[in-house]
Amino acid sequence: MMSLSNLQKSSIPDIVAIHFISDLHLDPRQPSVVDGFLHYLKTRGQNAQTLYILGDFFEAWIGDDFSNPFTESVIAGLKTYTSRNIPVFFMHGNRDFLIGERFLEQTGCQLLTDPTVIDLFGRKALLMHGDTLCTDDVEYQNFRKTVRDPIWQHDFLAKPLEVRLSIAQNLREISKEKTHEKQYEIMDVAQTEVERVMADYNVDLLIHGHTHRPNRHELVIAGRPAERYVLGDWGENGWHLVCDREHGLLLTSFPIK
Ligand code: MN
């Protein structure tokens with residue numbers, strides 16, 4: 001017969017893990033990814049002690065006052081998840097930088113500044129979305145400076161929803177054209193910037209998304225071996241980086257329904 005203490009023990013995950021995801025680009029036109037994420041929260045995500053979402057969670061976000069059944073289902077999923085005392089930290093990406101207080105309140109997520117250093121079982125880890133590492137893309141960095149300006153954001157959010165929707169639609173079309181024109185190298189991170197930032201923050205571990213090139217890179221920072229983990233974008237598969245004390249860091253993909 002199972003005693004009460006055994007029952008309580010078995011309900012606690014054996015391994016306490018920290019999960020990192022990014023670049024889900026949630027979009028009502030990709031319902032399989034939306035469903036995949038909601039399923040993730042109920043399954044794999046339940047093994048997390050903490051969940052970090054490192055940007056581009058949504059494909060587009062024009063303000064917390066925009067809502068439809070899609071945004072409501074994602075918000076409800078996150079709310080249920082954080083209600084079970086799993087903290088969720090959210091970092092803005094270049095697509096969803098207008099996520100604001102209301103979204104955070106509704107979901108129970110906590111906003112993280114880009115970049116942020118966290119303690120990962122005694123090891124310092126630098127977390128970023130990753131777009132600021134693409135310093136070769138001068139045009140994008142200028143665009144970023146504009147849209148991250150609080151005055152620009154205040155003006156944008158004061159516009160009627162229909163106006164914001166059409167601006168976002170135009171931006172998306174322009175960005176699609178540009179991405180097509182640009183060379184492969186420009187769209188990846190600049191190695192010199194990666195090394196500069198890691199040295200600045202005195203870390204041997206960097207975790208970021210944005211480039212959709214999931215991988216683990218080895219490098220040398222200040223004469224010491226270091227690692228850079230790039231999270232993957234969600235599509236046919238989901239991606240997450242899992243870290244626990246026993247196994248360290250593991251970047252994996254998994255099928256989503
Ligand atoms: Mn991005």
Side-chain angles (χ1 to χ4, degrees), residues 5 8-24 37 40-41 43-57 78 81-93 104 107-133 189-211 213-234 238-254:
S5 65
Q8 281 170 341
K9 218 177 187 175
S10 66
S11 69
I12 300 167
D14 291 323
I15 297 165
V16 179
I18 297 173
H19 288 205
F20 301 88
I21 59 174
S22 74
D23 300 278
L24 285 78
F37 172 67
Y40 176 86
L41 290 180
T43 53
R44 288 170 189 274
Q46 288 298 318
N47 299 321
Q49 174 204 45
T50 308
L51 173 65
Y52 287 90
I53 303 175
L54 299 185
D56 287 359
F57 178 58
L78 279 171
Y81 188 75
T82 59
S83 303
R84 290 178 190 155
N85 294 322
I86 305 175
V88 178
F89 291 97
F90 184 94
M91 187 179 277
H92 287 137
L104 300 170
T107 57
C109 293
Q110 299 167 69
L111 191 66
L112 269 192
T113 320
D114 182 0
T116 286
V117 176
I118 60 161
D119 180 295
L120 212 47
F121 302 110
R123 186 181 181 193
K124 276 197 331 180
L126 181 63
L127 310 181
M128 305 177 83
H129 174 57
D131 56 330
T132 55
L133 297 168
V189 299
Q191 183 69 14
T192 49
E193 182 62 8
V194 167
E195 291 170 6
R196 187 194 69 76
V197 172
M198 291 183 76
D200 257 21
Y201 284 89
N202 190 28
V203 292
D204 64 4
L205 175 60
L206 168 63
I207 299 167
H208 70 85
H210 179 64
T211 63
R213 294 179 174 86
N215 212 338
R216 173 185 175 270
H217 299 273
E218 291 180 0
L219 65 163
V220 175
I221 302 295
R224 291 178 313 178
E227 299 173 289
R228 173 169 71 95
Y229 280 89
V230 187
L231 303 170
D233 56 309
W234 289 38
W239 282 90
H240 66 176
L241 176 66
V242 173
C243 181
D244 69 66
R245 195 184 292 277
E246 192 184 333
H247 304 91
L249 290 144
L250 192 63
L251 178 66
T252 50
S253 75
F254 45 86

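Just so it is clear, the values below take in all heavy atoms, side chains as well, and ignore hydrogens, waters and symmetry mates. Bear in mind that the values here come from a model prediction, so they are computed numbers and not experimental data.
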**Prompt:** Any side-chain heavy atom of L120 sitting closer than 4.5 Å to one from I207?
**Reply:** yes
**Fill in**
Closest heavy-atom pair, C109 versus L78, reported as atoms and distance to 0.1 Å, is SG-CD1, 4.1 Å
**Request:** With the side chain counted from C-beta on, respond yes when L112 and L127 share a heavy-atom pair under 4.5 Å apart, and no when they do not.
**Result:** yes
**Request:** Please report the closest heavy-atom contact between P214 and L251, naming both atoms and the distance.
**Result:** C-CD2, 4.1 Å
**Message:** Do R216 and L249 make a side-chain contact, defined as non-hydrogen atoms from C-beta onward lying under 4.5 Å apart?
**Reply:** no
**Asked** Going through the distances and angles, do T252 and H240 end up as a side-chain contact (heavy atoms from CB on, under 4.5 Å)?
**Response** CA-CA 6 Å; T252 50; H240 66 176; 3.2 Å; yes
**Request:** Measure from the ring center of F20 to the ring center of W239 and say whether it is less than 6.0 Å.
**Result:** no
**Set of residues satisfying side chain to side chain donor-acceptor pair (under 3.5 Å) with respect to H210, sequence neighbours excluded** = N94, H129
**Asked** Would you call the rings of Y52 and F89 parallel, tilted or perpendicular, where under 30° means parallel and over 60° means perpendicular?
**Response** parallel
**Request:** Enter the distance from I21:CD1 to L231:CG here, rounded to the nearest 0.5 Å.
**Result:** 9.0 Å
**Prompt:** Which of parallel (below 30°), tilted (30 to 60°) and perpendicular (above 60°) describes F90 and H92?
**Reply:** perpendicular
**Asked** So, do M198 and V194 sit near enough that their side-chain heavy atoms are less than 4.5 Å apart?
**Response** yes
**Request:** Could you label the plane-to-plane angle of the F37 and F57 rings as parallel, tilted or perpendicular, counting under 30° as parallel and over 60° as perpendicular?
**Result:** perpendicular
**Prompt:** So do T132 and V197 actually touch side chain to side chain, heavy atoms under 4.5 Å?
**Reply:** no
**Asked** Checking salt bridge (charged side-chain N to carboxylate O under 4.0 Å, His left out) against D204, which of R224, R123, K124, R228 comes through?
**Response** R123
**Asked** Less than 4.5 Å apart, any side-chain heavy atom of H19 and any of Y40?
**Response** yes
**Prompt:** Once you round to the nearest 0.5 Å, how far does CG of N215 lie from NE2 of H217?
**Reply:** 4.0 Å
**Item:** Short side-chain to backbone donor-acceptor contact, E218 and A226, under 3.5 Å
**Value:** no
**Item:** Distance-minimising heavy-atom pair for T82 and V88
**Value:** CG2-CG2, 3.6 Å
**Message:** Please enumerate all residues that pass salt bridge (charged side-chain N to carboxylate O under 4.0 Å, His left out) together with E195, with sequence neighbours excluded.
**Reply:** none
**Request:** Show your reasoning for whether side-chain contact (heavy atoms from CB on, under 4.5 Å) applies to T211 and L133.
**Result:** CA-CA 10 Å; T211 63; L133 297 168; over 6 Å; no
**Fill in**
Of I18, N85, I86, the one forming a side-chain contact (heavy atoms from CB on, under 4.5 Å) with Q49 is I18
**Request:** Test H208 against V230 for side-chain contact (heavy atoms from CB on, under 4.5 Å), laying out the working first.
**Result:** CA-CA 5 Å; H208 70 85; V230 187; 3.7 Å; yes
**Item:** Over all atoms of both residues, closest heavy-atom pair of A17 and V242
**Value:** CB-CG1, 3.7 Å
**Complete:** Heavy-atom closest pair (F121 atom, C243 atom, distance to 0.1 Å) is CE1-O, 3.5 Å
**Request:** Of all the heavy-atom pairs spanning A48 and Y81, show the shortest one and how long it is.
**Result:** CB-OH, 3.5 Å
**Request:** Compare all side-chain heavy atoms of L205 with those of Y229 and state whether any distance is below 4.5 angstrom.
**Result:** yes
**Prompt:** Restricting to pairs with a member in residues 109-122, which pass side-chain hydrogen bond (donor to acceptor under 3.5 Å, both in side chains), not counting sequence neighbours?
**Reply:** none
**Request:** Return yes if some donor-acceptor pair links the side-chain N/O of D244 with the main-chain N/O of E246 below 3.5 Å, else return no.
**Result:** yes
**Item:** Any side-chain heavy-atom pair of D233 and D56 under 4.5 Å
**Value:** no
